[in-house]
Amino acid sequence: MNYMHTDSWSVYLHGNSYVSTEKGSKPIRALSRNDIIICNGNRIIVSGNNQVAKNPGIKSMAVVELTKNSVDENCPDETISIPSESILELKGVKLKAGQIVNSATISQKFVDCINVYKVDLVGVRDLSIGGIKIYLHGFNKELFEKNNIDILKIRQNNVRRALHDGWSYIEDKSIQVAIEDAIISPSAGDNIYELNHPQKIFRIFSRSGIVTEQHPESEDVRRLGVAISGVRADEKYIAIDSKCFRSGFYDIEHSEDGPFRWSDGNSVLEMPFYIRKLQLIVKSGLPILEKN
């Protein structure tokens with residue numbers, strides 16, 4: 001069979017996403033060699049389809065999850081997962097999928113590569129997945145800058161749409177603490193950690209978001225996680241202005257309740273001495289949109 005377009009290329013796609021073929025709708029994982037994908041009247045030949053997990057050294061891959069109304073009114077009801085490096089068309093503008101993640105209406109997560117497929121194709125270099133147009137060539141930074149794309153405005157509009165659809169703000173003050181790359185559990189009360197072995201360095205994880213994206217009325221462009229108002233190390237109070245607050249912490253702020261520091265969701269505390277007990281006092285968390 002002859003085709004006007006005979007470009008050959010490869011693309012990574014999540015196995016649960018569906019495409020239209022001459023034999024009906026099929027999930028990516030079910031595509032076989034010589035299957036014909038139908039897109040905008042064009043026919044694209046599948047020349048190969050292999051799980052990424054079969055490649056040595058590749059264990060996981062970032063994907064962006066799109067749901068109904070998260071990007072466009074035409075987005076289907078089901079969730080579509082697209083690798084973050086993919087290019088999609090949003091209201092006539094080409095964007096990298098990872099560029100529109102806003103932790104509210106559009107999220108990014110890492111998936112096991114057993115669910116990601118490297119699909120080899122021949123034909124026109126664009127493809128629709130669940131009604132969303134996906135471009136299979138690499139991200140064009142010059143195109144992005146030339147079109148003066150306002151990513152912030154897109155994200156803020158997504159938030160406004162979510163609020164209109166009944167989403168609400170949730171304040172999540174929960175944290176996770178890690179030592180030596182391992183998450184430890186609180187042992188006594190909220191955010192009190194008793195350790196089997198003395199430690200100095202602690203990494204604090206929490207949900208986070210860019211303030212002006214989550215709250216369009218704000219001009220704060222920082223990524224905020226939780227606000228820490230107190231730290232005790234072996235029952236000794238660690239001052240908020242201490243040098244213990246390392247990467248991921250912002251400058252001191254003040255409220256009626258006293259001083260505090262915001263984290264960016266991935267911050268480091270380094271004690272001046274080894275300790276066996278750590279207590280963190282979380283003042284607040286950045287309110288983030290969630291679907292009721």
Over 12 non-hydrogen atoms of neighbours within 6.0 angstrom of CD in Glu217: yes
Contact summary for Val211 and Ser218, nearest pair of heavy atoms: CG1-OG, 3.5 Å
Side-chain heavy-atom pair Val231, Phe202 within 4.5 angstrom cut-off: no
Backbone N/O of Asp220 and side chain of His215: donor-acceptor pair under 3.5 Å: no
Closest heavy-atom pair and its distance - Glu213, Val159: O-CG2, 3.0 Å
Main-chain N/O of Phe260 paired to Glu253 side chain as donor or acceptor, under 3.5 Å: no
From Ile183 atom CD1 to Arg203 atom CZ, the distance as rounded to the nearest 0.5 Å: 10.0 Å
Within 6.0 Å of NZ in Lys23, more than 12 heavy atoms from elsewhere: no
Distance-minimising heavy-atom pair for Phe245 and Ala239: CE1-O, 3.4 Å
Under 3.5 Å: donor-acceptor pair, side chain of Thr212, backbone of Glu219: no
Gap separating the CD1 atom of Ile204 from the CG atom of Leu269, nearest 0.5 angstrom: 4.0 Å
Arg29 side chain vs Asn115 backbone, donor-acceptor pair below 3.5 Å: no
Euclidean distance, Lys173 NZ relative to Leu280 CG, rounded to 0.5 Å: 13.0 Å
Ser284 side chain to Ala227 backbone, donor-acceptor under 3.5 Å: no
Tyr169 to Pro216 - nearest heavy-atom pair and separation: OH-CD, 4.2 Å
Donor-acceptor contact below 3.5 Å, side chain Arg261 vs main chain Tyr250: yes
Asp172 and Ser174: side chain donor to acceptor below 3.5 Å: yes
Donor-acceptor pair, side chain of Asp234 and main chain of Lys277, under 3.5 angstrom: yes
Approximate separation, where rounding is to 0.5 Å, of Ile288 CD1 and Ile210 CD1: 11.0 Å
Separation between CD1 of Ile184 and OH of Tyr193, rounded to the nearest 0.5 Å: 6.5 Å
Least distance between heavy atoms, Gly225 atom then Ser206 atom: CA-OG, 3.5 Å
Beyond-backbone contact of Ile238 with Met271, side-chain heavy atoms, under 4.5 angstrom: yes
Nearest-0.5 Å distance, OH of residue Tyr237 to CZ of residue Arg232: 8.0 Å
Tyr274 atom OH, over 12 foreign heavy atoms within 6.0 Å: no
Donor-acceptor side-chain pairing of Asn49 and Arg33 below 3.5 angstrom: no
Non-hydrogen atoms of Ser208 and Gly265 that approach each other most closely: CB-CA, 4.0 Å
Ser187 side chain to Glu194 backbone, donor-acceptor under 3.5 Å: yes
